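Following: one structure in structure tokens, then a few remarks.
All values reported here derive from a predicted model rather than from experimental measurement. As a basis for the values below, the full set of heavy atoms in this structure was taken, side chains included, without hydrogen atoms, waters or symmetry mates.
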Amino acid sequence: QVQLVESGGGLVQPGGSLRLSCAASGSIFSINVMGWYRQDPGQQRELVATITSGGSTNYADSVKGRFTISRDNAKNTVYLQMNSLNSEDTAVYYCHAFINKWGTVAAYWGQGTQVTVSS
């Protein structure tokens with residue numbers, strides 16, 4: 001069984017920073033694209049950032065220049081460094097990954113971690 005476990009969410013003041021982590025575990029041969037999405041109540045889940053196994057990144061326009069995605073392939077872990085946070089960044093953040101389980105590629109989601117930006 002494959003699991004994605006997130007950590008690092010919490011409450012932060014406007015202008016502050018947080019770092020999210022997501023570790024994949026289980027029967028994994030390789031991991032292709034990893035990424036972060038976020039969702040407000042009543043809204044659709046939206047892409048925040050993605051990163052390929054080779055390190056190519058993609059960001060939503062709303063976070064460019066403020067957020068940085070990275071990964072440690074040896075640890076099957078993806079990170080999201082979030083700087084200059086504002087109230088519009090408040091959401092539940094979900095980790096996502098396309099994982100190759102010895103010949104079968106499937107998409108997996110983490111359980112989500114709450115990020116609240118408020119004074």
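- What you find for Ala91 and Gln39 is that their closest heavy atoms are CB-O, 3.6 Å.
- Side chain of Thr77 to main chain of Lys75: a donor-acceptor pair is present (N/O by atom type, distance under 3.5 Å, no hydrogens or angles).
- Between Gln111 and Tyr94 there is no side-chain heavy-atom pair separated by less than 4.5 Å.
- Side-chain heavy atoms closer than 4.5 Å link hydrophobic residues (I, L, V, M, F, W, Y) into clusters, and following such links, possibly through other members, connects Leu47 to Val92.
- Side-chain contact between Gln13 and Val117 is absent, with no heavy-atom pair separated by less than 4.5 Å.
- Side-chain heavy atoms closer than 4.5 Å link hydrophobic residues (I, L, V, M, F, W, Y) into clusters, and following such links, possibly through other members, connects Val78 to Tyr59.
- Note that CD1 of Ile28 and CD1 of Ile99 are 4.5 Å apart. Values are rounded to the nearest 0.5 Å.
- Using a 4.5 Å heavy-atom threshold, the side chains of Arg38 and Ser62 count as touching.
- Ring centroids of Phe29 and Trp102 are separated by less than 6.0 Å, placing the two rings close together.
- Listed here is the closest heavy atom pair of Thr90 and Gln114: CG2-NE2, 4.0 Å.
- The two residues Thr50 and Val33 come nearest to each other via the heavy atoms CB-CG1, 3.9 Å.
- A distance-only check finds a donor-acceptor pair linking the side chain of Glu6 to the backbone of Gly112 [under 3.5 Å].
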- Query: After noting the C-alpha distance and the side-chain angles of Asn83 and Phe67, does the key distance pass the side chain to side chain contact (heavy atoms under 4.5 Å, CB included) rule?
  - Reply: CA-CA 6 Å; Asn83 299 328; Phe67 291 10; 6.0 Å; no
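- Side-chain polar atoms of Ser53 and Asn32 form no donor-acceptor pair below 3.5 angstrom.
- Ser118 places a side-chain heavy atom less than 4.5 Å from the side chain of Leu11.
- Between Met34 atom CE and Leu4 atom CG the span is 6.0 Å, to the nearest 0.5 Å.
- Looking only at side-chain heavy atoms (C-beta outward), Pro14 and Asn86 stay at 4.5 Å or farther from each other.
- For Tyr79, the ring-ring contact (aromatic ring centres under 6.0 Å, His included) test picks out no residue, with sequence neighbours left out.
- Shown here for Leu80 and Ala49, the closest heavy-atom pair between the two residues is CD1-CB, 4.4 Å.
- One finds the CH2 atom of Trp36 at 12.5 Å from the CD1 atom of Ile51 (value rounded to the nearest 0.5 Å).
- Rounding to the nearest 0.5 angstrom, the gap separating the CG atom in Asp40 from the CG atom in Asp89 is 10.0 Å.
- Going from atom NZ of Lys64 over to atom OG1 of Thr57 covers 9.5 Å, rounded to the nearest 0.5 Å.
- Heavy-atom minimum distance, Leu20 versus Met82: CG-CE, 3.8 Å.
- When side chains are defined from C-beta on, Val115 counts as touching Leu18, because their heavy atoms get closer than 4.5 Å.
- His96 NE2 to Arg45 CZ: the interatomic distance, rounded to the nearest 0.5 Å, is 9.0 Å.
- The two atoms that bring Phe98 and Ala107 nearest to each other are CE2-CB, 3.7 Å, heavy atoms only.
- Around atom CD of Gln81, more than 12 heavy atoms belonging to other residues, nucleotides or ligands sit under 6.0 Å away.
- Aromatic ring centres of Tyr37 and Trp109 lie closer together than 6.0 Å.
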